[in-house]
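To start, the structure itself, in structure tokens.
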Amino acid sequence: MEDKLTQIAAMAGKNDKIADKLEQMLSGPNDRAYVVCSYEDCKLHLKGRCTIYTVLDVPRMKTGQPCNSYEKHQAAEN
């Protein structure tokens, strides 16, 4: 990850309100949070925005059979 993008993500993680809310929401062993950030850079300032997505109770992946429930479909020909 770029250094500036890392700074933006770290600033979001240092916010006490965000950390408290995530701690409240992510209580299960399979709960996950994903951070997506973007930033704008000018000569004197760095401005960014992060979105935090939470997924509760992510199912565990079966080892050796990750795609056993997928179906194969043929693409329609024109």
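Listed by chain and residue number, Ile8 satisfy the side-chain contact (heavy atoms from CB on, under 4.5 Å) test with Met11 (two or more places apart in sequence, or in another chain). With sequence neighbours left out, Asn15 forms a side-chain hydrogen bond (donor to acceptor under 3.5 Å, both in side chains) with no residue at all.
Within the structure, the disulfide bond (SG atoms under 2.5 Å apart) test picks out the following pairs touching residues 11-41 (sequence neighbours left out): Cys37-Cys50. Under the disulfide bond (SG atoms under 2.5 Å apart) criterion, no residue pair touches residues 3-36, with sequence neighbours excluded.
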Side-chain donor-acceptor distances from residues 28-36 under 3.5 Å, at least two apart:
| residue | atom | partner | partner atom | Å |
| --- | --- | --- | --- | --- |
| Asp31 | OD1 | Asp57 | N | 2.7 |
| Asp31 | OD2 | Ser27 | N | 3.1 |
| Asp31 | OD2 | Gly28 | N | 2.7 |
| Arg32 | NH1 | Pro29 | O | 3.2 |

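A continuous path of Ile, Leu, Val, Met, Phe, Trp and Tyr side chains, each step under 4.5 Å between heavy atoms, connects Leu22 with Leu56, placing both in one hydrophobic cluster.
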